[in-house]
Amino acid sequence: MRIFESLALRYDGRRLLVLDQTALPFREDWLEGNDPAAMVGHIQRLSVRGAPLIGVAAACSLACHAMAGSGQAELAAAWSALRAARPTAVNLMWAMDRLRPLLPRPEALIAEAQSILDEDVRLCEGMAEHGAALVQDGEGLITHCNTGGLATVGIGTALGVIRRAHEQGKRIHVYVDETRPLLQGGRLTTWELQRLGIPCTLITDSMAALILRDGRAQRALVGSDRVAANGDFANKVGTYGLAVQARHHGAAFHPVAPFSTVDLACPDGAAIPIEERAPEEVRGAQGRPWAPEVPVWNPSFDVTPVAYVTSLVLDRAVLTCQQLQAGNLATLLG
Ligand code: MRU
């Protein structure tokens, strides 16, 4: 594997390192991920997160395991553990399934992990170009969760679109949903936008409806962990609510995703597995409880029906709601 460095993933020729996203924005700690068992832990704790990055990081960890001379059985066990680390982000299964037939050929597996990484950078560029063309000068944009360089090895999905629109000189202002319960918007998206010099305002998720009602944001751009064949899609919990609010107030609503996030085997959103996480994430914040031990429901993702989608921005095309409903995703990618 070649030496590389992205915002949240590095390989220095010896160590695979991931930026601990649970410590951002106040600390930039790097964790070692050569050992697949350690990488599974990083993924499950959300030190490594964002659908495309999870897939790339898992692939690179398996490649490191192969470079360390691990045998067939060890590689196969690591492959299974990595593939099962998180259930909703289909990019993880997509990347692992590309490596599966190469388990008996370590050199080919390492090369394929490298091409998964290189491809992610190119896919981000494609989404940025297609998506930025939709953004108008002077618009207010709203986004949810974190979909930037921290969630991919390129410039991101929805945040990559925002970044490209800014680079094109469009005067935009970004409203960032804090994204309860783990605050990926408040901790991570603000950190990225500040580094990029893109004007932004942090809001709590429950303020989004007011921003849309008052016409301060005309367009919502979000990522996705899995897009079903009919255009329904799963993303960080709260996305569905944002879509309903955008529709009510006449704002455009766009999921932005690479083809590796599309799962044609899921006919619709009901078939997408939704991760449920620990109650402590809702009863407290950053390890500090603030609620009594009442029962909690903590789905990490929700499904937005295709009817709320203005258009889906992919790396190679933009498909309107009507095109998605007509089955054009399968035609494009099948
Ligand atoms: O639980 P997370 O932080 O991994 O959730 C991430 C998201 O929901 C992103 O929107 C999605 O993975 C797309 S990111 C490019």
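- Residues Val222 and Leu242 have side chains in contact (heavy-atom distance under 4.5 Å, counting atoms from C-beta outward).
- With sequence neighbours excluded, no residue forms a salt bridge (charged side-chain N to carboxylate O under 4.0 Å, His left out) with Glu32.
- By the 4.5 Å heavy-atom criterion applied to side chains, Val303 and Ile274 are counted as neighbours.
- When every heavy atom of Ile203 is checked against every heavy atom of Ile142, the shortest pair comes out as CD1-CD1, 4.0 Å.
- If you chain together hydrophobic residues whose side chains sit under 4.5 Å apart, Leu46 and Val90 never meet in one group.
- Of the possible polar contacts, one joining the Thr88 side chain to the Pro273 backbone as a donor-acceptor pair under 3.5 Å is found.
- Within the structure, salt bridge (charged side-chain N to carboxylate O under 4.0 Å, His left out) contacts touching residues 100-124 (residues at least two apart or in different chains) are Arg2-Asp118, Arg98-Glu112, Arg98-Glu119.
- One N or O on the side chain of Glu74 and one on the backbone of Gly71 form a donor-acceptor pair closer than 3.5 Å.
- His254 and Thr310 share no side-chain donor-acceptor pair at under 3.5 Å.
- Two residues are said to be in side-chain contact when any heavy atoms from C-beta on lie closer than 4.5 Å; Leu62 and Leu99 meet this criterion.
- Legend: residues meeting side chain to side chain donor-acceptor pair (under 3.5 Å) with Gln184, ordered by chain and number and at least two apart, are absent.
- Sorted by first and then second residue, the salt bridge (charged side-chain N to carboxylate O under 4.0 Å, His left out) pairs with a member in residues 174-195 form an empty list; sequence neighbours excluded.
- A 4.5 Å side-chain heavy-atom check between His130 and Asp315 finds every atom pair outside the cut-off.
- Taking CG from Leu141 and CD1 from Ile198, the interatomic distance works out to 9.5 Å, rounded to the nearest 0.5 Å.
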Pair Val262, Phe233 - check side-chain contact (heavy atoms from CB on, under 4.5 Å), show working.
CA-CA 9 Å; Val262 177; Phe233 73 100; over 6 Å; no
Compile the donor-acceptor pairs under 3.5 Å between side chains in residues 206-218 and protein atoms, sequence neighbours left out, one pair per line.
| unit_1 | atom_1 | unit_2 | atom_2 | d |
| --- | --- | --- | --- | --- |
| Ser206 | OG | Thr204 | OG1 | 3.2 |
| Gln218 | OE1 | Gly140 | N | 2.7 |
| Gln218 | NE2 | Gly215 | O | 2.7 |

Starting from the C-alpha separation in whole Å, work towards a yes-or-no answer on salt bridge (Lys or Arg N to Asp or Glu O under 4.0 Å) for Asp97 and Arg83.
CA-CA 8 Å; Asp97 291 349; Arg83 193 181 189 280; 2.8 Å; yes
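- Every residue was checked against the ring pair (Phe, Tyr, Trp, His ring centres under 6.0 Å) condition with Tyr11, not counting sequence neighbours, and none meets it.
- Listed by chain and number, the residues in a side-chain contact (heavy atoms from CB on, under 4.5 Å) with Pro106 are Ala66 (sequence neighbours excluded).
- For the side chain to side chain donor-acceptor pair (under 3.5 Å) test, no residue two or more places apart in sequence or in another chain qualifies with Trp290.
- In this structure, the side chains of Tyr240 and Pro305 come closer than 4.5 Å at one or more pairs of heavy atoms.
- Closest non-hydrogen pair, Ile43 versus Ala58, comes out as CD1-CB, 4.3 Å.
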Between Trp94 and Phe259, is the ring-ring contact (aromatic ring centres under 6.0 Å, His included) condition met? List the steps.
CA-CA 10 Å; Trp94 171 83; Phe259 82 96; 5.7 Å; yes
Go through the steps for Leu159 and Ile155 under the test side-chain contact (heavy atoms from CB on, under 4.5 Å), then give the verdict.
CA-CA 7 Å; Leu159 212 59; Ile155 65 170; over 6 Å; no
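- Salt bridge annotation for Asp263-Arg226: present, with a cationic side-chain nitrogen under 4.0 angstrom from a carboxylate oxygen.
- For Gln72, the CD atom sits in a packed shell: over 12 heavy atoms of surrounding residues, nucleotides or ligands are nearer than 6.0 Å.
- With contacts defined as side-chain heavy-atom distances shorter than 4.5 Å, the pair Pro181/Asn298 qualifies.
- Counting non-hydrogen atoms of other residues, nucleotides and ligands closer than 6.0 Å to CD of Gln194 gives a total of 12 or fewer.
- A salt bridge does not link Arg86 with Asp225: every distance from a Lys NZ or Arg NE/NH1/NH2 to an Asp or Glu carboxylate oxygen is 4.0 Å or more.
- One N or O on the side chain of Lys170 and one on the backbone of Val135 form a donor-acceptor pair closer than 3.5 Å.
- Every pair tested for salt bridge (charged side-chain N to carboxylate O under 4.0 Å, His left out) that includes a residue from residues 228-257 fails, sequence neighbours excluded, so the list is empty.
- Sorted by first and then second residue, the side chain to side chain donor-acceptor pair (under 3.5 Å) pairs with a member in residues 323-334 read Thr320-Gln323; sequence neighbours excluded.
- In terms of the side-chain contact (heavy atoms from CB on, under 4.5 Å) criterion, residue partners of Ala257 (sequence neighbours excluded) are, by chain and number, Ser224, Val227, Thr261.
- Contact detail for Ala151 and Pro52: the closest heavy-atom pair is O-CD, 3.4 Å.
- Partner of Pro258 under the side chain to side chain contact (heavy atoms under 4.5 Å, CB included) criterion, chosen from Leu314, Asn91, Val313: Asn91.
- In this structure, Tyr308 and Val244 have side chains that are in contact, with non-hydrogen atoms separated by less than 4.5 Å.
- Here side chain to side chain donor-acceptor pair (under 3.5 Å) pairs that include residues 52-61, with residues two or more places apart or in two chains, number zero.
- In this structure, Met39 and Ala57 approach most closely via the heavy-atom pair CE-O, 3.6 Å.
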What do the steps show when you test Glu139 against Val174 for side-chain contact (heavy atoms from CB on, under 4.5 Å), and what is the final call?
CA-CA 9 Å; Glu139 271 185 348; Val174 186; over 6 Å; no
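- Across Ala23 and Asp29, no two heavy atoms sit closer than the pair CB-OD2, 4.0 Å.
- With hydrogens and angles disregarded, a donor-acceptor distance shorter than 3.5 Å links the side chain of Thr189 to the backbone of Cys145.
- Counting heavy atoms from C-beta on, the side chains of Trp191 and Leu150 come closer than 4.5 Å.
- Scanning both residues, Leu332 and Ala317, for their nearest heavy atoms gives CD2-CB, 4.1 Å.
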Derivation of the side-chain contact (heavy atoms from CB on, under 4.5 Å) call for Thr147 and Val256
CA-CA 9 Å; Thr147 61; Val256 182; over 6 Å; no
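- No more than 12 heavy atoms of other residues, nucleotides or ligands sit less than 6.0 Å from atom CZ of Arg171.
- Proximity of a side-chain donor or acceptor of Arg49 to a complementary backbone N or O of Asn146 within less than 3.5 Å is detected.
- Atom OG1 of Thr157 is separated from atom CE of Met127 by 6.0 Å, given to the nearest 0.5 angstrom.
- At a threshold of 4.5 Å between side-chain heavy atoms, the hydrophobic network of Ile, Leu, Val, Met, Phe, Trp and Tyr places Val56 and Ile110 in one connected group.
- Taking CG of Leu109 as the reference point, atom CE of Met1 lies at 10.5 Å (rounded to 0.5 Å).
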Take His65 and Ser70 through the side-chain hydrogen bond (donor to acceptor under 3.5 Å, both in side chains) test and state the conclusion after the steps.
CA-CA 6 Å; His65 208 40; Ser70 305; 3.2 Å; yes
